[in-house]
Amino acid sequence: MPKKISNIVILTGAGISAESGIQTFRASDGLWHDHHIEDVATPEGFAANPSLVQSFYNERRRQLKDPSIKPNPAHLALARLEQEWQGNLLLVTQNVDNLHERAGSKNLIHMHGQLDQIRCSESGAVYHWEEDVEATHACSCCEKLGTLRPNIVWFGEMPFLMDTINESLVNCDLFISIGTSGKVYPAAGYVEYAKSIGAQTVELNLDPTDSSSVFDLSINGKAGTILPAFVDVLLKTGAIPQNNSF
């Protein structure tokens with residue numbers, strides 16, 4: 001019999017934000033919003049053409065202000081679960097948007113950074129920032145031009161707060177993966193680690209993934225449809241559903 005669920009770790013990926021109208025990271029042609037990934041999502045790309053990179057992220061940042069971009073029922077369900085769950089819950093997202101915060105989630109880690117933050121590449125100081133970043137903007141900590149960059153984890157860089165995430169995984173009883181393909185490490189390895197320490201594992205994704213067979217329970221469908229129902233069962237019974245028909 002599975003042990004009682006007290007500590008939950010939830011991982012969300014691009015699929016949950018896609019239902020709110022935010023384009024997923026990588027299209028099938030290897031481009032992201034018509035740009036090569038290496039040009040806009042690597043330290044080398046930023047060093048080669050900082051204006052292009054700033055313009056790219058300025059556009060992504062402006063998108064978050066579009067009235068049509070708002071939390072969907074999946075974001076709201078996770079915020080409700082955090083508020084009503086009697087144990088510990090950590091929400092880890094690979095997404096760089098602010099939809100989880102806007103839905104009401106508090107105990108949240110953006111392992112890949114945040115669009116509404118910038119960072120000084122010299123001091124490491126992080127600033128909340130909702131406007132465009134221009135070449136004329138001087139960093140307030142060093143007063144230099146050209147040191148401000150998106151506070152985004154690019155390819156070749158280490159995700160944020162890995163020690164905190166790993167500590168929560170060590171102690172979790174339930175690991176839930178939502179809207180992620182399970183192809184980007186280190187997050188892709190979380191399900192195997194959770195299983196190794198005896199946690200129950202659940203995947204909720206639009207389509208089956210390469211990792212679906214690893215999970216104890218894999219449910220396919222739109223997160224905005226299946227997640228609220230899943231949360232209802234979890235809060236009512238304190239346990240995951242026995243199958244995907246709920």
Side-chain angles (χ1 to χ4, degrees), residues 11-72 75 91-103 105 108-162 179-181 183-187:
L11 174 70
T12 64
I16 194 169
S17 291
E19 293 183 34
S20 290
I22 294 180
Q23 185 176 332
T24 55
F25 183 80
R26 189 195 297 266
S28 58
D29 56 8
L31 300 178
W32 188 23
H33 300 268
D34 300 321
H35 290 277
H36 290 285
I37 300 296
E38 59 269 21
D39 291 338
V40 294
T42 64
E44 295 77 14
F46 184 61
N49 194 340
S51 295
L52 171 66
V53 175
Q54 296 288 20
S55 176
F56 178 83
Y57 287 96
N58 286 343
E59 184 178 347
R60 309 280 78 70
R61 203 176 292 113
R62 288 195 295 269
Q63 184 186 32
L64 295 182
K65 297 182 178 181
D66 186 327
S68 67
I69 303 296
K70 55 188 178 181
N72 63 58
H75 295 103
L91 176 57
V92 180
T93 186
Q94 297 170 288
N95 301 331
V96 297
D97 59 65
N98 59 5
L99 296 178
H100 281 304
E101 289 92 337
R102 289 165 58 186
S105 291
L108 170 67
I109 289 176
H110 282 270
M111 65 182 300
H112 291 162
Q114 298 177 238
L115 274 174
D116 57 6
Q117 291 182 349
I118 56 175
R119 182 170 87 241
C120 176
S121 57
E122 291 203 2
S123 71
V126 176
Y127 305 96
H128 182 79
W129 198 275
E130 297 184 0
E131 307 303 323
D132 288 356
V133 179
E134 306 292 352
T136 54
H137 284 138
C139 177
S140 60
C141 68
C142 65
E143 299 184 350
K144 294 181 181 179
L145 298 177
T147 66
L148 295 175
R149 57 158 283 180
N151 194 32
I152 301 293
V153 176
W154 289 326
F155 286 96
E157 297 181 329
M158 182 66 66
F160 296 144
L161 297 172
M162 290 298 296
T180 178
S181 64
K183 294 182 178 180
V184 178
Y185 283 84

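Numbers for residues simply follow the sequence, beginning at 1.
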K.L.:
Testing the basics here: between N95 and S17, what is the closest heavy-atom pair and its distance to 0.1 Å?
P.N.:
ND2-OG, 3.2 Å
K.L.:
Could you list all the ring pair (Phe, Tyr, Trp, His ring centres under 6.0 Å) pairs where at least one residue sits in residues 117-148, not counting sequence neighbours?
P.N.:
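Applying ring pair (Phe, Tyr, Trp, His ring centres under 6.0 Å) to every pair that reaches into residues 117-148, excluding sequence neighbours, yields W129-H137.
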K.L.:
Quick check for you: to the nearest 0.5 Å, what is the distance between L148 atom CG and Q54 atom CD?
P.N.:
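If I round to the nearest 0.5 Å, the distance is 7.5 Å.
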K.L.:
Between Q94 and T12, does any side-chain donor sit less than 3.5 Å from a side-chain acceptor?
P.N.:
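Checked: Q94/T12 side chains show no N/O donor-acceptor pair below 3.5 Å.
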K.L.:
Does any N or O in the side chain of S20 come within less than 3.5 Å of the main-chain N or O of I22, such that one atom is a donor and the other an acceptor?
P.N.:
no
K.L.:
Can you tell me how far apart CG (L99) and CG (N72) are? Round to the nearest 0.5 Å.
P.N.:
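It is 7.5 Å, given to the nearest 0.5 Å.
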K.L.:
Before you tell me yes or no, could you show the steps for E101 and D116 under side chain to side chain contact (heavy atoms under 4.5 Å, CB included), namely the whole-Å CA-CA distance, both residues' side-chain angles and the distance that decides it to 0.1 Å?
P.N.:
CA-CA 11 Å; E101 289 92 337; D116 57 6; 5.7 Å; no
K.L.:
Using 0.5 Å steps for rounding, measure from the CZ atom of R119 to the SG atom of C141.
P.N.:
12.0 Å
K.L.:
If you look at every heavy atom in G13 and T180, which pair is closest and at what distance?
P.N.:
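G13 and T180 have their closest heavy atoms at CA-CB, 3.9 Å.
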K.L.:
Which atom pair, heavy atoms only, marks the closest approach of L91 to S105?
P.N.:
CD2-OG, 3.6 Å
K.L.:
Quick one: are I118 and V126 in side-chain contact, heavy atoms under 4.5 Å?
P.N.:
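Side chain of I118 against side chain of V126, heavy atoms only: no contact under 4.5 Å found.
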K.L.:
Is the shortest heavy-atom distance from the side chain of V133 to the side chain of Y57 under 4.5 Å?
P.N.:
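V133 does not reach Y57 side chain to side chain.
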K.L.:
Relative to each other, are the rings of H100 and H75 parallel, tilted or perpendicular (30° and 60° limits)?
P.N.:
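Aromatic pair H100/H75 classed perpendicular.
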K.L.:
Please table the atom pairs, donor to acceptor, closer than 3.5 Å between any side-chain atom in residues 39-49 and protein atoms at least two apart or in another chain.
P.N.:
| unit_1 | atom_1 | unit_2 | atom_2 | d |
| --- | --- | --- | --- | --- |
| T42 | OG1 | E38 | O | 2.6 |
| T42 | OG1 | G45 | N | 2.9 |
| N49 | OD1 | L52 | N | 3.1 |

K.L.:
Run the side chain to side chain contact (heavy atoms under 4.5 Å, CB included) check on Q114 and N151 step by step: do they pass?
P.N.:
CA-CA 6 Å; Q114 298 177 238; N151 194 32; 5.5 Å; no
K.L.:
Would R60 and F56 count as a cation-pi pair here, with the cationic atom under 6.0 angstrom from the ring centre and within 45° of the axis?
P.N.:
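Verdict for F56: a cation-pi partner in R60.
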K.L.:
List the steps, then state whether side chain to side chain contact (heavy atoms under 4.5 Å, CB included) holds for V53 with W154.
P.N.:
CA-CA 11 Å; V53 175; W154 289 326; 3.8 Å; yes
K.L.:
Looking only at heavy atoms, what is the nearest atom pair of C142 and T147, with distance?
P.N.:
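In terms of heavy atoms, the two residues are closest at SG-OG1, 3.6 Å.
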K.L.:
Once rounded to the nearest 0.5 Å, what's the spacing between atom CD1 of I109 and atom OG1 of T93?
P.N.:
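That separation rounds to 11.0 Å.
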K.L.:
So which heavy atom on P186 is nearest to which on M162, and how close?
P.N.:
CG-CE, 3.4 Å
K.L.:
Going from CD1 on I152 to NE2 on H110, what distance comes out if it is rounded to the nearest 0.5 angstrom?
P.N.:
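Answer rounded to 0.5 Å: 9.5 Å.
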K.L.:
Which residue pairs satisfy the salt bridge (charged side-chain N to carboxylate O under 4.0 Å, His left out) criterion with at least one member in residues 123-132, sequence neighbours excluded?
P.N.:
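For residues 123-132: R62-D132, K65-E131.
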K.L.:
Distance only, no hydrogens: is a donor on one side chain within 3.5 Å (strictly under) of an acceptor on the other, for H112 and E157?
P.N.:
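Absent: no donor and acceptor within the cut-off.
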K.L.:
At what distance, to the nearest 0.5 angstrom, does CG of D97 lie from CZ of R102?
P.N.:
8.5 Å
